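Everything quoted here is computed from the prediction, not taken from an experiment.
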Amino acid sequence: MAIKVFSFFFLVYLLVEMHEISAMVPAVIVFGDSTVDPGNNNQISTVLKSNFAPYGRDYFGGQSTGRFSNGRIATDFISEAYGIKPAIPAYLDPKFDIRDFATGVSFASAGTGYDNATSDVLSVIPFWKEMVYYKEFQYKLRGYLGNDIANHHLSESLHLISIGTNDFLENYYTFPTRSSEYPVDKYEIFLIGIASNFIRELYNLGARKIAISGLPPMGCLPLERTTNIMHGSACIEEYNDVAKDFNQKLQDSVTELNRELGGIQLVMSNPYYKLLEMIQNPILFGFENVATACCGTGYFEMSYLCDRMNPFTCSDANKYIFWDSFHPTEKTNFILADHAFKTTLTVFR
């Protein structure tokens with residue numbers, strides 16, 4: 001009898017706890033690359049890390065957590081906007097456990113892509129392995145909350161996917177293997193097939209609220225502009241055109257999956273035009289520099305090339321759209337997250 005009473009009160013406690021965090025969605029669960037990796041790469045053998053200064057200098061306590069930014073990343077702001085918590089932990093970070101992950105967790109790995117060949121470039125976590133970690137997380141969550149509550153929790157949680165840029169910039173346009181195998185439009189279809197199957201697997205595992213991000217204007221990243229010296233370091237329009245074409249194909253796939261998978265709420269969040277607006281009209285957003293990054297000289301530095309010994313790093317990252325040659329500043333991340341929250345993600349509020 002005592003055990004039954006204890007079980008009842010424990011269930012009530014869990015329900016109360018869940019209610020407090022479920023005003024909109026109870027958790028934000030994240031998959032992807034460096035745009036949403038809060039530090040998983042810290043725990044693996046790769047050169048692509050950012051757990052050192054000046055990364056994180058504007059994060060809580062000035063911590064270098066492994067986020068590729070001077071502060072928080074977009075998914076942190078989305079979690080906060082839903083009233084959950086101000087930062088989403090990395091699944092591989094030993095400081096956290098299932099109690100922390102129950103309200104939000106990221107399986108993302110900087111440098112990865114849809115394509116397994118992309119993750120091989122810098123020896124990071126492949127996209128399929130993020131799904132393996134997610135299944136492991138589900139098992140732990142059921143042990144923590146019980147099957148019924150965990151299943152409901154997962155169906156109500158927002159699953160976010162942000163990935164794809166590395167497949168083109170680190171892989172397709174850098175090494176000859178994929179470009180000799182696929183024309184670029186066929187490579188886009190190849191990647192979207194992987195994305196679609198990933199979403200189907202999430203659905204089969206109980207996820208019902210899913211948002212997938214399209215590509216940014218990747219030809220405007222400082223690292224790419226640096227290679228375009230013959231044209232005054234302007235954006236590489238070929239890359240931007242690929243991003244737009246990919247995004248249209250991805251939107252078409254999202255439309256099809258919404259028809260195919262009963263009960264799913266699947267949306268595509270498109271950062272392309274908002275980021276391009278910021279690049280083309282920086283003054284409207286309070287930015288002063290769009291072509292180069294804050295860290296180092298602003299042209300090519302990323303990861304270990306962007307360290308505390310570099311004498312050129314800017315003093316005020318809020319004046320810059322990009323923190324390093326590939327990644328946005330915290331201010332840019334906030335603007336993009338706020339835009340997504342008030343547009344695409346309103347369906348989940």
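- Closest approach of Pro176 and Ser179 over heavy atoms only: O-OG, 3.2 Å.
- A donor-acceptor contact under 3.5 angstrom links the side chains of Ser109 and Asn41, judged on distance only.
- Cluster membership check: Phe175 shares its hydrophobic cluster with Leu223, using side-chain heavy-atom separations under 4.5 Å among Ile, Leu, Val, Met, Phe, Trp and Tyr.
- Using modelled atom types, one finds no donor on one side chain facing an acceptor on the other under 3.5 Å when comparing Arg225 with Asn228.
- Between Glu330 and Arg67 there is no salt bridge, since none of the side-chain N atoms of the basic residue sits less than 4.0 Å from a carboxylate O of the acidic one.
- Under the 4.5 Å side-chain contact rule for hydrophobic residues, Val121 and Tyr114 share a cluster.
- Closest approach of Gly296 to Thr313, counting heavy atoms only: N-OG1, 3.0 Å.
- At least 2.5 Å separates the SG atom of Cys314 from that of Cys295.
- Considering every non-hydrogen atom in both Asn270 and Leu215, the closest pair reads OD1-O, 4.1 Å.
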Inset, instruction - Decide yes or no on side chain to side chain contact (heavy atoms under 4.5 Å, CB included) for Lys331 and Met278, but give the supporting numbers first. - result: CA-CA 11 Å; Lys331 179 179 175 180; Met278 294 158 66; over 6 Å; no

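- Closest approach of Glu224 to Tyr239, counting heavy atoms only: OE1-CE1, 3.4 Å.
- A donor-acceptor pair shorter than 3.5 Å can be found between the side chains of Thr118 and Asp167.
- Partner of Tyr91 under the ring pair (Phe, Tyr, Trp, His ring centres under 6.0 Å) criterion, out of Tyr133, Tyr134, Phe31: Tyr133 alone.
- Checked for salt-bridge contact, Glu256 and Arg259 miss the test: no charged N lies under 4.0 Å from a carboxylate O.
- The closest side-chain heavy-atom distance from Tyr82 to Phe348 is below 4.5 Å.
- Considering every non-hydrogen atom in both His153 and Ala102, the closest pair reads NE2-O, 2.6 Å.
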Inset, instruction - Could you walk me through whether Ile161 and Ile199 pass side chain to side chain contact (heavy atoms under 4.5 Å, CB included), step by step? - result: CA-CA 9 Å; Ile161 304 167; Ile199 290 168; 4.1 Å; yes

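- A salt bridge is defined here as a Lys NZ or Arg NE, NH1 or NH2 lying under 4.0 Å from an Asp or Glu carboxylate O, and Lys249 with Asp252 fails to meet this definition.
- Closest heavy-atom contact between Ile163 and Gly32: CB-CA, 4.0 Å.
- In this pair, Tyr187 and Phe168 present their aromatic rings perpendicular. The plane angle is above 60°, beyond the 30 to 60° band.
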Inset, instruction - Go through the steps for Lys140 and Asp97 under the test side chain to side chain contact (heavy atoms under 4.5 Å, CB included), then give the verdict. - result: CA-CA 9 Å; Lys140 293 177 182 177; Asp97 59 26; over 6 Å; no

Inset, instruction - For side chain to side chain contact (heavy atoms under 4.5 Å, CB included), just list the numbers for Ile194 and Trp128, CA-CA rounded to whole Å, side-chain angles, deciding distance to a tenth of an Å, and then say yes or no. - result: CA-CA 9 Å; Ile194 295 170; Trp128 64 263; over 6 Å; no

